[in-house]
Novice: 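Before we start, here is the structure in question, set down as structure tokens.
Nothing here was measured: the structure is a model prediction, and the numbers come from that model. We number each residue from 1, following the sequence as shown.
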Amino acid sequence: MQPLTPNGEAAVQNLAHRYGVSVDAAKTLLFAVNAGGGTMAQFYHPELGGGGQWMRGGMTMVGDMFNNGLQATVAGLCSELSSLLNSQQVFQPIPQAGNGFGGFGNNWWPGDLGSPSSSGGQNDSRYAYFPQTRRLAIDRGGRVTVYDTLDHNIGGVQQQQGGASGSLSFSSQFGTFTVDSLPLADQPNNNNNNNNNNNNNVPEPPPFQNQPQQWQPPPPNPSYSQPQQNFGSGGPQTHDEILATLERLSGLHQKGILSEDEFRSKKAELLGRL
């Protein structure tokens, strides 16, 4: 990912020391907060309880959901990292020259995507990641394709060898995935509008291009349908029942069965019963 400036590196080390966490954990949160536009973060780090979420002015979740001390640490650190990103230049600017691709210039992605948080590539493939708009631009041999990154917070890229130019794959809080697993974004597929009138050189679109571009969550697993039906007046009442239900809700949310809004609503309702 994009390297930090000397001042940014010193600031992160200072925050890590004050909050009693490693520099690596602090940087994980920094990249997550930056990917969330400074207002939210999704992260994964063993030192921080595994997977977690933070929202400015809202709730903070960590894998160890009843560890209030860890929640307070993550909330405070994310808040200060957000202020740091807004107050000074934390990341080094992206070089204006090409990224080692002979003959390739800068800003090869569609202009309306803005400036990426990171870019690079190998062989004849290159990428640019735009976390605030959830877009990933890929240039394969001069043809630019823009993908929707969904809920992925991309933290790394690697090259899978095996073809003429290999296939780029990325890592996020959900693990490693290939770029072809992402849906195409509703963006013009051009190279700075230089090839708009050169239709003879545009390859046929891949078969999945005609599929719906809007990602749909998987249908609920029937085995989890019963807990979701017990949140009314007849739901859990005792302290232990409410805590157990909260834990099941967290598992459903992490598996994508409950949306963020559904999880928040049910969590607030259950906490109001304590």
Novice: Would you confirm whether Gln89, through its side chain, and Phe91, through its main-chain N or O, come within 3.5 Å as a donor-acceptor pair?
Specialist: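 Present.
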Novice: Identify the heavy atoms of Leu70 and Glu47 that sit nearest to each other, and give their distance.
Specialist: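 So the minimum-distance heavy-atom pair works out to CD1-O, 4.2 Å.
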Novice: Is any side-chain heavy atom of Arg135 closer than 4.5 Å to a side-chain heavy atom of Trp109?
Specialist: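 No, side chains not in contact.
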Novice: Looking at residues at least two apart in the chain, or sitting in another chain, which of them share a side-chain contact (heavy atoms from CB on, under 4.5 Å) with Phe177?
Specialist: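 Partners of Phe177 by the side-chain contact (heavy atoms from CB on, under 4.5 Å) criterion, ordered by chain and then number, come out as His152, Ile154, Phe170, Ser172, Ser181, Leu182.
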Novice: If we ignore hydrogens and angles and just use 3.5 Å, is the side chain of Ser265 paired with the main-chain N or O of Asp261 as donor and acceptor?
Specialist: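 A pair under 3.5 Å: no.
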Novice: Whether the side chain of Asn153 engages the backbone of Ala32 through a donor-acceptor N/O pair (distance < 3.5 Å, no angle test) should be reported.
Specialist: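 Checked: no pair found.
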Novice: Evaluate side chain to side chain contact (heavy atoms under 4.5 Å, CB included) for Lys266 paired with Leu252, printing each intermediate quantity in order.
Specialist: CA-CA 12 Å; Lys266 299 305 180 184; Leu252 295 177; over 6 Å; no
Novice: Find the distance between CG (Leu29) and CG (Asp24) and round it off to the nearest 0.5 Å.
Specialist: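 Leu29 atom CG to Asp24 atom CG measures 10.0 Å (nearest 0.5 Å).
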Novice: In the structure I gave you, are the side-chain heavy atoms of Val62 and Leu48 within less than 4.5 Å of one another anywhere?
Specialist: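 No, their side chains stay 4.5 Å or more apart.
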Novice: Going by heavy atoms in the side chains, are Leu30 and Leu4 under 4.5 Å from each other?
Specialist: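 Yes - at least one pair of side-chain heavy atoms lies under 4.5 Å apart.
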Novice: If you define the side chain from C-beta out and look only at heavy atoms, does anything of Thr149 sit under 4.5 Å from Tyr129?
Specialist: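 Answer yes - side chains close enough.
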Novice: Decide yes or no for Asp151 and Phe174: does some side-chain heavy atom of the first lie under 4.5 Å from some side-chain heavy atom of the second?
Specialist: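 Counting from C-beta outward, Asp151 and Phe174 do come under 4.5 Å.
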Novice: Compare every heavy atom of Leu150 with every heavy atom of Asp148, then report the nearest pair and how far apart it is.
Specialist: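 Closest pair (atom of Asp148, atom of Leu150, distance): OD1-N, 2.8 Å.
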Novice: I'd like to know if the side chain of Glu80 reaches the main chain of Leu15, judged simply by a donor and an acceptor atom lying under 3.5 Å from each other, with no hydrogens or angles considered.
Specialist: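 No.
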Novice: Gln88: what forms a side-chain contact (heavy atoms from CB on, under 4.5 Å) with it, not counting sequence neighbours?
Specialist: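 Counting only residues at least two positions away or on another chain, Gln88 forms a side-chain contact (heavy atoms from CB on, under 4.5 Å) with Asn7, Leu84, Val90.
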Novice: Of all the heavy-atom pairs spanning Ala128 and Pro116, show the shortest one and how long it is.
Specialist: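 Heavy atoms only, the tightest pair is CB-CB, 4.0 Å.
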Novice: What do you reckon, is CD of Gln132 surrounded by more than 12 foreign heavy atoms closer than 6.0 Å?
Specialist: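 Result for CD/Gln132: open.
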Novice: Minimum heavy-atom separation for Ser22 and His45, please, with both atom names.
Specialist: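 It is OG-CE1, 4.4 Å.
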Novice: Any side-chain heavy-atom pair from Phe130 and Leu136 closer than 4.5 angstrom?
Specialist: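 No. Closest side-chain heavy atoms not under 4.5 Å.
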Novice: Does the side chain of Phe263 reach to within under 4.5 Å of the side chain of Met61, using non-hydrogen atoms?
Specialist: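 A side-chain contact exists here, since the closest heavy-atom pair is under 4.5 Å.
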Novice: To the nearest 0.5 Å, what is the distance between CG on Asp64 and CD on Gln71?
Specialist: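 Going from the CG atom of Asp64 to the CD atom of Gln71 covers 8.5 Å.
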Novice: Using modelled atom types only, decide if a donor and an acceptor are shared between the side chain of Thr73 and the backbone of Gly69 within a distance under 3.5 Å.
Specialist: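 Here the side-chain-to-backbone pair exists.
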Novice: Please check if the side chain of Tyr19 supplies one atom and the backbone of Gly76 the other of a donor-acceptor pair under 3.5 Å.
Specialist: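 Pair found, side chain donor or acceptor close to backbone of Gly76.
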Novice: Is the shortest side-chain heavy-atom distance between Thr60 and Cys78 below 4.5 Å?
Specialist: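 With C-beta onward as the side chain, the pair stays apart.
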Novice: Using 0.5 Å steps for rounding, measure from the CE atom of Met59 to the CD atom of Gln53.
Specialist: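 Taking CE in Met59 and CD in Gln53, the distance rounds to 6.0 Å.
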Novice: Say whether Phe31 and Met40 are linked into one hydrophobic cluster, either directly or through other cluster members, by side-chain heavy-atom distances under 4.5 angstrom.
Specialist: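 No; Met40 is not reachable from Phe31 via cluster members.
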Novice: Run the side chain to side chain contact (heavy atoms under 4.5 Å, CB included) test on Asn86 and Ser82 for me, step by step, so that the C-alpha distance in whole Å, both residues' side-chain angles and the decisive distance to 0.1 Å come before the verdict.
Specialist: CA-CA 6 Å; Asn86 290 328; Ser82 176; 4.0 Å; yes
Novice: Under the side-chain hydrogen bond (donor to acceptor under 3.5 Å, both in side chains) test, which residues partner Thr133, sequence neighbours left out?
Specialist: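 If we apply the side-chain hydrogen bond (donor to acceptor under 3.5 Å, both in side chains) test to Thr133, skipping adjacent residues, there are no hits.
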Novice: Take a 6.0 Å sphere around CD of Glu247 and say whether it holds more than 12 heavy atoms from other residues, nucleotides or ligands.
Specialist: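 Counting neighbours around CD of Glu247, 12 or fewer heavy atoms of other residues, nucleotides or ligands fall under 6.0 Å, so no.
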Novice: May I ask you to decide if Leu246's main-chain N or O and Ser250's side chain share a donor-acceptor pair within less than 3.5 Å?
Specialist: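 No; zero donor-acceptor contacts below 3.5 Å.
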Novice: To the nearest 0.5 Å, how far apart are CD in Glu9 and NZ in Lys27?
Specialist: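 Answer rounded to 0.5 Å: 3.5 Å.
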Novice: Should Leu85 and Val74 be counted in the same cluster of Ile, Leu, Val, Met, Phe, Trp and Tyr side chains packed under 4.5 Å apart?
Specialist: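 Both belong to a single hydrophobic cluster.
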Novice: Verify the cluster assignment for Val23 and Tyr44: are they in a single hydrophobic cluster under the rule of side-chain heavy atoms below 4.5 Å apart?
Specialist: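 Result: no, two separate clusters.
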